[in-house]
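Here the structure is laid out as structure tokens; the discussion comes afterwards.
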Amino acid sequence: MSTVTINGRVETLPDDPEALLVDVIRDNLSLTGTKLACGAGVCGACTVLLDGVPVVSCLMPAKAVAGSMITTVEGIGGTRLHPIQRAFMTLDALQCGFCTPGFVVEAVAFHDGWRKAKGTAVPSREEIGAALSGHLCRCGAYDNILRAVAEACSGRFDGDETVPPRLEARDKVTGSAKYAVDIHHDGQLEGLIVRSHVAHGRIVELDLAPARAMPGVVAVVSLLGDDRTVRYVGEPIAAKDHKTARDAAAAIGIKCEQLPSVVGLDAARKPGAALVFEKSSRKKAGNVSEGSPAPAPWKHNVRGPSGAFSHKAKKVRNAIAAAAQTHDPLLVEGVFRTAGQSHSCLEPHVTVARFDGDRLTVHVSTQVVFHLMELIAKRYKVDRNKVRVIADHVGGGFGSKASLGIDTIAAIELAREAKAPVRIAIDRHDELTVTGHRPATEINIALLPSREGGLKALSLTAYSDNGAAINSTIAALARLIYPAEAKELVDFDVISNLPPGTAFRAPGGPPMAFALEQAVDEAALRMQVDPISLRKRWDTDPNRQRLYDWAAGLDVWRNAKGAAAQSGRYRRGVGVAAGYWLYLWQPGSKVELAIKGGRLVASTAIQDIGTGSRTVIANTVAHEFGLEPHEVEVRIGDSNLIEGPGSGGSRTTASVVPPALLAIQKLKDAIEKNAKQKPTPGSNAPWRELIAASADISVSATRPEDNKPTFPGVRSPLKEAGLMGTIFGWMMRRFSNLAIGAGVPSSVQVIEVEVDTWLGHVRVLNVHTGIAVGKLAAPALARSQATGSVIQGIGYALYEGREVDPASGDILTAGLEDYRIPGIADTPNIDVHFDEAGFDHVLGGSVGIGEVATVPTSPAIANAIRNAIGVRAYELPIRPARLIAILNQRSVA
Ligand code: FES
């Protein structure tokens, strides 16, 4: 029997020669601070110290550590915490926190070694980047991680713990924050989803008996739909339980009649392509957006055109045809292509389901705690009060965890059949294959300036490579920027036998901006006008007008040289792009405020996916009562709390701050009414005293409608979009429970890149991101969101692309070693400028930031590349081979 010392305690290792260290740590010892994310040694989330040296425990056989000393994140710091932990907390070097324990463990080893060798000298960004290069953070917390490690090494955090800007920071840096994937009940079983290996087929026989008969197998259920048809590789067929699940899964007898399939945008549009959805089965298609789909015509595998947001479309066609005929040099035309982007949340989609009698509790990694409870109750036709959804912490979502997922359905059905708690955790292969992605696109654009310098006509036609899903909105988004004399905006869904796309941070926004913002840049070049000045002329939105002034004053913009002035291997360029998103909020959102035992408690059924919902509420309440945020107890992540909004479409802050402010006023009134004594004269904390002395009270408030905007120029985007805007707004409220408010959250980015013209590498050097989202409810966390959005945008622009086998429909980028997301060494200098005006009609003045902050990054990078080398990139990601090809003015096959 071999042993190992873990965090100072001697533990026995299992006899199983295949046992991995990560499983021993997490499952046998319940040290769940160590996370399992990629399972391939790529992301570093499972890092522990082995005799003081960082190792990835997901690749380490448990038997190999016999006799060694292991330190997990729980063993670091003790009650005083390590300087690295204090630095991460103070500088907000974390968001969802799922990657944080791995980073902390590695950074502690680096810090301790550095301090021993170099005292309080400050390591460079490159040195820290090299040390932490084995770690990935999908939230993009790198900028603050680099700062935190540098400042910890400088000795700044050798002293006492400081108050962090993020409420739950301590739990995340110590590994005590519990995610759904960490939940373990007594008698809990493991479930597994068996998936289709063909792109299109009909299951003619499904024999579950052999699997059921296997020892250790407690339950097997079929998840096949009534048409018994699978439409993409990876579509679930059945689920099983326990650690023997893989063997049992192999024993399931499946006979599948393979049907003709079609994979990808080009193949699906060809005449005679295999049909993915018969008319009778179209309701089974997924949804790539956040709203409900409006009716649109289907023609074979193409759904659309949806051109409802066009105006004077015929005029556009005529003007562009005439300009093309006369070879008008101002006519900008192009076809832009973007690759599919995987959400790649580090915490996988996961559900733990447990029945207690007829009551169901599910711990889920979800963006919609309250709504998911409603969906489960509806699907299983049970009372809402019999279903409870819990998500204390969520390891990222980015749009992929906003519905009732197959992991949740499978876990519930297995738990019911097994009469035991069941966990389904999606593995990384399936996570990168079937849990959603931003669809690839092809966008045809024609933009025609007028002779007088105005915008005469704009045409965008977008084809979205949705897989088995519908409802893309890409071209239509261009209705909300650059008012033109005439616009034709047309969207098509292209459906094929690929996993369905889903909403991803500003769905439709980044690909639309990649095309439109490059076309505007090209127009400026041809008109010989400064690109920021042209945007200022064409784009009347008051929020962006202020941001354009800020951008125009940046030194990096004023000093940009351009391609003509450069030679040699490395060339630098500066680009600009604008972004926007709808200001969304969720009607019916509520906040409850209570005094319980002399303590102020704020609660609502929302979730914190790393965006800082807890802190937004704490800050709002604390500010109004003259308290510190940590004096407010915030309860979220539980559908048993009062109804709260989902985390999607940047709606959360705008949905919870206004009802919180109303509830605050109600609570103040109630406290004063009940108070036996008035506050002590001269006290600078009258509410603290009154709250401490108060009997228990509880009040709540619902999100009110907004006031009429008073800020000059703020308009309703729906009214600007005419009749269709009004209908769209009504549909969003009616079917998606989302309201679209007046004013447009906006961003403008100025980015400097360096292009290696020999090898085709693009390095982003400096990013200046200007953001107008009203008042900041949590400034430090807003900055974290802004920098993380830039990092994701850099990934979209330069690295990320879902690769598909066109013959089989297999996703080839099904591991984090193949699907390249940005790492810490890819982090540029990021300067964040917040403009807090423009939303005074919203109670509290705050709207969401997550989407708008990522929209302009890819076109700003592409425009910077054009500025550096004089050639434009029409396709994402702009990888070295593609860049060399455009430098050589040839296309990549
Ligand atoms: Fe790093 Fe979320 S904070 S993955």
Side-chain angles (χ1 to χ4, degrees), residues 33-38 42-47 73 84-85 87-89 91-107 129 132-149 164-175 177-182 342-350 365-367 391-401 428 431-432 435 504-505 607-615 647 778 780-792 794-795 800 816 819-827 850 854:
T34 300
K35 303 299 185 201
L36 178 61
C38 73
V42 181
C43 75
C46 64
T47 300
V73 71
I84 282 287
Q85 289 169 309
F88 269 58
M89 289 166 65
L91 299 176
D92 200 40
L94 55 123
Q95 292 182 37
C96 80
F98 202 78
C99 70
T100 307
F103 268 103
V104 164
V105 169
E106 184 94 45
L132 301 183
S133 62
H135 294 256
L136 293 173
C137 171
R138 189 47 162 165
C139 300
Y142 299 131
D143 191 50
N144 286 347
I145 292 173
L146 288 163
R147 287 173 57 213
V149 176
R166 187 179 297 263
L167 217 57
E168 75 283 9
R170 196 175 214 281
D171 294 341
K172 288 180 173 174
V173 301
T174 57
K178 287 273 186 253
Y179 298 76
V181 77
D182 301 327
S342 293
H343 299 77
S344 318
C345 315
L346 282 204
E347 184 188 24
H349 287 65
V350 58
S365 188
T366 180
Q367 297 176 229
D392 286 337
H393 298 281
V394 180
F398 314 113
S400 69
K401 297 176 178 172
R428 190 52 50 182
E431 191 67 28
L432 287 169
T435 60
F504 190 154
R505 207 168 199 168
Q607 49 294 309
D608 194 335
I609 62 171
T611 48
S613 314
R614 271 186 187 83
T615 308
S647 297
L781 278 59
R783 188 185 180 281
S784 296
Q785 278 274 289
T787 56
S789 299
V790 166
I791 302 282
Q792 273 194 0
I794 291 173
E800 297 182 42
L816 282 175
Y819 186 79
R820 156 91 153 93
I821 67 172
I824 194 164
D826 301 314
T827 309
T854 201

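The shown structure was predicted, so the numbers you read here are calculated from the model rather than taken from an experiment. Indexing begins at 1, ligand by ligand and atom by atom, following the structure's order.
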Does the plane of the ring in Tyr179 sit parallel, tilted or perpendicular to the ring in Phe98? Use 30° and 60° as the thresholds.
perpendicular

Do Val173 and Phe103 have side chains that get closer than 4.5 Å, going by heavy atoms?
no

Min side-chain heavy-atom separation Val73-Thr174 under 4.5 Å:
no

Under a 4.0 Å N-O cut-off, is there an ion pair linking Lys35 with Asp182?
yes

Does a side-chain N-to-carboxylate-O contact under 4.0 Å join Glu800 and Arg138?
yes

Are the charged groups of Arg783 and Asp92 less than 4.0 angstrom apart, N to O?
no

Sort by chain and number the protein N/O/S atoms that are closer than 2.8 Å to atom 1 (Fe) of ligand 1, and list them.
Cys99 SG, Cys137 SG

